[in-house]
Amino acid sequence: MERRNLLAAALAAPAAATLDMSPATASTRGFDKADPRFSIAVLPDTQYLFDADSADPAPLKATFRYLLDQRDEDNVAFLTHLGDITEHGTEQEITLAGSTFRAIDGRLPYSVLAGNHDVSSSTNDQRGSTAYLKVFGPDRFRGTATYLGASADGYNSAHRLTAGGRQWLILALDWRISDGGLTWARSILAANPALPAIVTTHDLAYGDDAGKAYLSSNGQRLWDKLIKDNDQIFLTLNGHYWPPGRTVLRNTAGNDVHVHITNYQDRYYGGAAMIRLYRFDLVRNRIDVETFAPWFLQRKSPLAEETIELTGDVDRFSLEIDFEKRFAAFAPPALPAPRPAARVVDRHTAAYWRFDAAGQAVSDGAVVADLSGKGNDLLVRRLAGSGADVLTVAADHHRGAPAHASLRFDGGPNRGALLQTAPGAPLNSATFMNGYTFETFLKLPAPFVGNHSWMGVFSWEGRAGDAGKHSGWSPLEPTCSLNLSPERFLQYVLYTAEGDHNPTSWSHALPVGVWHHVAIVNDGKRSVVWVNGSKIARNPSQPARGVATVGRPFTLGGTSFDLAYDQGFYGWIGDTRISARALRPDQFLPAGHFR
């Protein structure tokens, strides 16, 4: 095994796919609603910048300029202010703040809410007319794309935005929301039952010096009457207190609710309109958070330079959230329906196998039909001493696979099951001189336990020596095989029909517990391996025309080296298709189907 061990030590890269395909499109200009990576900007207490005759809106203007200038790059979906816009809530302060916010009116969706310095702190949202309500009330937001509505008093608002290819709900709640306001908030959630929700308010939690957050008395009321029983709410944001802090609470559905305090008014220059960017990544299932002051980027002073960016554990951190799982109870993912074989097979299809036939048997001698109609049925056989449990039909499947079923292999050293074409099957001698695409879906168990070194996914069992090839590792090596190294690198080995060439491709280490779509595309000149829509890095440039098959069976679920199988496959294999042409990358599965 020296050749394989040496090659396995080399670094690898990603790869792609091909069953019922259409290209993913991405916007190249402006905010991209479909991009799974987007940002929500959070702006806490700006009160010291709007403080009577010492007001200085310059830092907030700089923050707004930054957000507008960087909106495309950071894919900023929304800005939410957490209250205490001003220090005294006077008409003069509120008017100045309102004019400053005009910089983003119509250019960046946002929400505001009243803090205790913007209104009389002894009142709730039934306080009637105020300078705040006149400037930042419903009239300011009516007609904007994200504005969903406000409570009757005007102090609580709801905003619905589209980002990451889905809709989200933001509730901006008053400093002292009344019971009537809470009833309104619950009605908004009920009217939008499938939307993940973020609650923003001024006072909900406070933090200790270690950065741990605790519900305030007002926060406890919000938790008891609104948050804990509404599973849609997964994140809360508030200002008011410093230092910043965060915690995770468990709601009545047993799911996490992230509770975050964001406030920097105690910092140099009242925080200088410092913002926190919540960078959502729906592919990596995480939110990366960073905190910085755009105005300080332009200032040259010791205090500005040391406060430009905050990097403590409560200011710069990441949240791991499996969004699909977290939102499943109220917004289950819309999975593609099964697709009939007729939508997968065309005149170029050499073989297509799937495992969702009614009553599909996997006992020894059972047949898995070739749905291409080309006569390449697979026959099941187990390795000597292997029991029935080494091969079973499973409902588990890749979300983008045409069939909603797979085969579960429980193989290992000298243990396993194989599916092979019969003697004389057309596939046994197919050489694919004009190109090909080999596709399969596979999943490795988590944890990946036991010895599964060099287990095969599929192979043609013709030997390199039988084909007259001498360029490779051993004359007993199959002329074409897809294998897994001890490090879980995919290895695609090919002995070409034309010339004595032995190009070998290597992927990265495959993650366990998730489905992968593997596509090997050959254009008649060279082969390129793709995994989940991404071309891997290590695809040799040496000639790769045709496959040196010599009439031996095609095998799914294993490979061999000396006529004795040494390693049965361990994991799941789904739909597998072989085409006698090179499929283009824009025919691969849509990006959202690779997860």
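FYI, the numbering just counts along the sequence from 1. Predicted model, so just to flag it, every value in this text is computed and none were measured.
For Arg250 and Asp256, the salt-bridge test passes: some basic side-chain N is under 4.0 Å from an acidic carboxylate O. With respect to the salt-bridge test (charged N to carboxylate O, under 4.0 angstrom), the residues Arg408 and Asp396 do not qualify. Ion pairing of Asp288 with Arg286 is present here, as a side-chain N (NZ or NE/NH1/NH2) and a carboxylate O approach within less than 4.0 Å.
For the 3.5 Å distance criterion, the side chains of Tyr110 and Arg140 qualify, holding a donor opposite an acceptor. Checked by atom type, the side-chain pair Asp229/Thr252 shows a donor-acceptor distance below 3.5 Å. Inspection of the Gln491 and Ser485 side chains reveals no N or O donor paired with an N or O acceptor under 3.5 Å. A donor and an acceptor atom, one from each side chain of Thr247 and Lys212, are located under 3.5 Å apart.
Asp313 meets the side-chain contact (heavy atoms from CB on, under 4.5 Å) test with no other residue; sequence neighbours excluded. With sequence neighbours excluded, the residues satisfying ring-ring contact (aromatic ring centres under 6.0 Å, His included) with His452 are Phe448, Tyr570.
Separation of atoms CZ (Arg166) and CG (Leu195) is listed at 7.5 Å; rounding is to 0.5 Å. How far CH2 of Trp515 is from CG of Leu510: 12.5 Å, rounded to the nearest 0.5 Å. Distance check, rounded to the nearest 0.5 Å: CZ of Arg316 to CG of Leu277 gives 10.5 Å.
Ring pair Phe554/Trp353 is parallel by interplanar angle, where below 30° counts as parallel and above 60° as perpendicular. Between His258 and His260, the angle of the ring planes goes over 60°, which puts this pair in the perpendicular group of the 30/60° scheme. Ring pair His81/Phe101 is tilted by interplanar angle, where 30° to 60° counts as tilted.
By the 6.0 Å and 45° rule, Arg186 does not stack over the aromatic ring of Trp184. For the pair Arg581 and Tyr436, the cation does not sit on the ring face, since its NZ or CZ is not both under 6.0 Å from the ring centre and inside 45° of the axis.
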Derivation of the side chain to side chain contact (heavy atoms under 4.5 Å, CB included) call for Asn238 and Thr200: CA-CA 6 Å; Asn238 74 274; Thr200 65; over 6 Å; no
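Leu82 pairs with exactly one of Ile261, Asp203, Leu237, Leu204 by the side-chain contact (heavy atoms from CB on, under 4.5 Å) rule, that one being Leu237. Here the options are Gln232, Gln167, Arg160, the test is side-chain hydrogen bond (donor to acceptor under 3.5 Å, both in side chains), and the partner is Asn192; only Arg160 passes.
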